[in-house]
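See structure below.
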Amino acid sequence: GSLENLNRLCDPSFPVDVGFVQGGITNGASDKLVSLGSISHQPLLVFYRGAPVELLSGLSGKRIAVGPVGSGTRSLALTLLEANGIKPGGTNTLLDWEPKQAAKALIEGTVDAVFLMGEDASVALMRELMRTPEIHLLNFRQASAYTRRFSYLSVIEFPQGVLDLGRNMPSEDVSLVGPTVELIARKHLHPALSDLLLGAASELHGK
């Protein structure tokens with residue numbers, strides 16, 4: 001995950017020069033690292049069971065899968081939950097589960113909410129979750145406020161019907177928030193290699 005990648009880049013004994021790291025995690029990182037650029041947006045998806053929830057604070061007292069230790073998902077989930085008064089050791093049960101285990105538990109009803117990001121939230125998985133009765137995708141109605149509070153976040157619009165036009169999923173436009181993914185390198189990386197990496201990134205991730 002992103003935090004693990006960042007720790008490896010900061011560790012001189014680890015044989016790595018470049019890594020993908022989620023925006024926001026790099027705040028206050030080593031001055032021996034540089035960002036070569038942002039590669040893509042990474043929307044945060046919060047799926048939950050039960051009655052409609054308007055705000056993250058509505059998950060208070062619930063069982064929430066926040067992602068495995070070392071992942072960018074877990075880091076962001078804990079940051080946003082804390083901003084809503086939900087902290088480890090409180091009334092919530094926060095679970096460091098892998099995405100597949102967490103999604104399965106949500107479908108079976110053994111957890112109340114899951115945080116998913118990136119390739120963990122594949123189109124197939126999103127469709128499966130949204131087709132399951134009583135499971136909803138959280139609409140971040142305070143999305144703009146989150147981007148003011150956390151400058152590394154952006155508002156990402158999830159259009160009505162984008163997952164399934166025939167079934168109209170989702171049934172309304174949904175506002176999401178998320179950081180970008182940055183290509184981080186150690187400062188000693190040769191400029192010629194940086195140029196080659198950026199060229200490859202533009203070709204592979206430009207869309």
Side-chain angles (χ1 to χ4, degrees), residues 1-5 19-25 38-54 56 58-59 62-78 80-81 93-141 143 146 153-183 200-201 203-207:
S2 286
L3 191 58
E4 185 179 47
N5 287 354
F20 293 98
V21 178
Q22 183 177 298
I25 289 179
S38 295
I39 301 298
S40 63
H41 286 283
Q42 189 88 297
L44 175 67
L45 298 147
V46 182
F47 288 95
Y48 66 93
R49 294 187 68 91
V53 171
E54 297 262 325
L56 271 182
L59 298 178
K62 304 290 187 181
R63 300 162 296 177
I64 307 173
V66 294
V69 174
S71 69
T73 305
R74 184 178 185 274
S75 176
L76 181 58
L78 293 179
L80 299 190
L81 287 172
T93 300
L94 302 180
L95 304 161
D96 303 326
W97 288 356
E98 294 288 340
K100 288 183 179 178
Q101 179 187 6
K104 184 174 183 288
L106 183 65
I107 291 170
E108 294 173 349
T110 54
V111 297
D112 301 303
V114 299
F115 283 70
L116 299 171
M117 291 184 77
E119 47 189 46
D120 296 331
S122 66
V123 172
L125 179 58
M126 285 190 282
R127 283 177 179 154
E128 183 180 6
L129 290 172
M130 296 191 75
R131 286 172 179 164
T132 303
E134 297 297 308
I135 291 181
H136 313 281
L137 175 62
L138 181 71
N139 185 356
F140 279 81
R141 300 191 185 280
Y146 279 102
L153 294 179
S154 301
V155 178
I156 303 170
E157 295 300 331
F158 202 58
Q160 177 179 341
V162 70
L163 285 179
D164 191 320
L165 290 169
R167 293 174 182 240
N168 195 32
M169 294 193 311
S171 59
E172 62 178 2
D173 292 347
V174 178
S175 294
L176 305 175
V177 297
T180 56
V181 177
E182 296 182 51
L183 192 59
E203 181 179 344
L204 292 171
H205 304 281
K207 294 182 180 179

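Every value quoted in this text rests on a predicted model; they were computed, and no experiment measured them. Count residues from 1 along the sequence.
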Within-4.5 Å side-chain heavy-atom neighbours: Met117 and Ser71: no
Note, Val46 side chain near Leu59 side chain (heavy atom, < 4.5 Å): yes
[X]: which residues meet the salt bridge (charged side-chain N to carboxylate O under 4.0 Å, His left out) condition with it, sequence neighbours left out?
{"X": "Arg127", "value": "none"}
{"X": "Glu98", "value": "none"}
{"X": "Glu108", "value": "Lys104"}
{"X": "Arg74", "value": "Asp96"}

From CA spacing to verdict: side-chain contact (heavy atoms from CB on, under 4.5 Å), Leu44, Leu176: CA-CA 7 Å; Leu44 175 67; Leu176 305 175; over 6 Å; no
Ile64: which of Leu81, Val114, Leu56, Val111 passes side-chain contact (heavy atoms from CB on, under 4.5 Å): Leu81
Distance in Å, [X] [atom1] paired with [Y] [atom2], rounded so as to fall on 0.5 Å steps:
{"X": "Asn139", "Y": "Leu137", "atom1": "CG", "atom2": "CG", "answer": "7.5 Å"}
{"X": "Ile107", "Y": "Glu128", "atom1": "CD1", "atom2": "CD", "answer": "4.0 Å"}
{"X": "Phe47", "Y": "Thr132", "atom1": "CZ", "atom2": "OG1", "answer": "9.5 Å"}
{"X": "Ser75", "Y": "Ile25", "atom1": "OG", "atom2": "CD1", "answer": "4.0 Å"}

[X]: what forms a side chain to side chain contact (heavy atoms under 4.5 Å, CB included) with it, not counting sequence neighbours?
{"X": "Pro170", "result": "Met130, Phe158, Val162, Val174"}
{"X": "Thr93", "result": "Arg63, Leu95"}
{"X": "Glu134", "result": "Arg49"}

Which atom of Pro179 lies closest to which atom of Gly23, heavy atoms considered: CB-O, 3.5 Å
For the student: nearest non-hydrogen atoms of Ala113 and Leu106, plus distance: N-CD1, 3.9 Å
Residues forming a ring pair (Phe, Tyr, Trp, His ring centres under 6.0 Å) with Phe115, sequence neighbours excluded: none
Within 6.0 Å of NE2 in His205, more than 12 heavy atoms from elsewhere: yes
Inter- and intrachain pairs under side-chain hydrogen bond (donor to acceptor under 3.5 Å, both in side chains), touching residues 169-178, at least two apart: Glu157-Ser175
Verdict with reasoning, Leu138 to Val53, per side-chain contact (heavy atoms from CB on, under 4.5 Å): CA-CA 7 Å; Leu138 181 71; Val53 171; 4.1 Å; yes
Side-chain (Gln22) to main-chain (Gly72) donor-acceptor, under 3.5 angstrom: yes
Main-chain N/O of Ala105 paired with Thr110 side-chain donor or acceptor, under 3.5 Å: yes
Residue pairs passing the ring pair (Phe, Tyr, Trp, His ring centres under 6.0 Å) test where at least one lies in residues 122-141, sequence neighbours excluded: Tyr48-His136, Phe140-Tyr146
For Glu182, all residues meeting side chain to side chain donor-acceptor pair (under 3.5 Å), sequence neighbours excluded: Ser35
Trace of the side-chain contact (heavy atoms from CB on, under 4.5 Å) decision for Leu129 with Leu116: CA-CA 12 Å; Leu129 290 172; Leu116 299 171; 4.0 Å; yes
Residues Leu153, Leu80; criterion side-chain contact (heavy atoms from CB on, under 4.5 Å); working and verdict: CA-CA 11 Å; Leu153 294 179; Leu80 299 190; 4.1 Å; yes
Summary of salt bridge (charged side-chain N to carboxylate O under 4.0 Å, His left out) pairs that have at least one residue in residues 160-171, sequence neighbours excluded: Arg131-Asp164, Asp164-Arg167
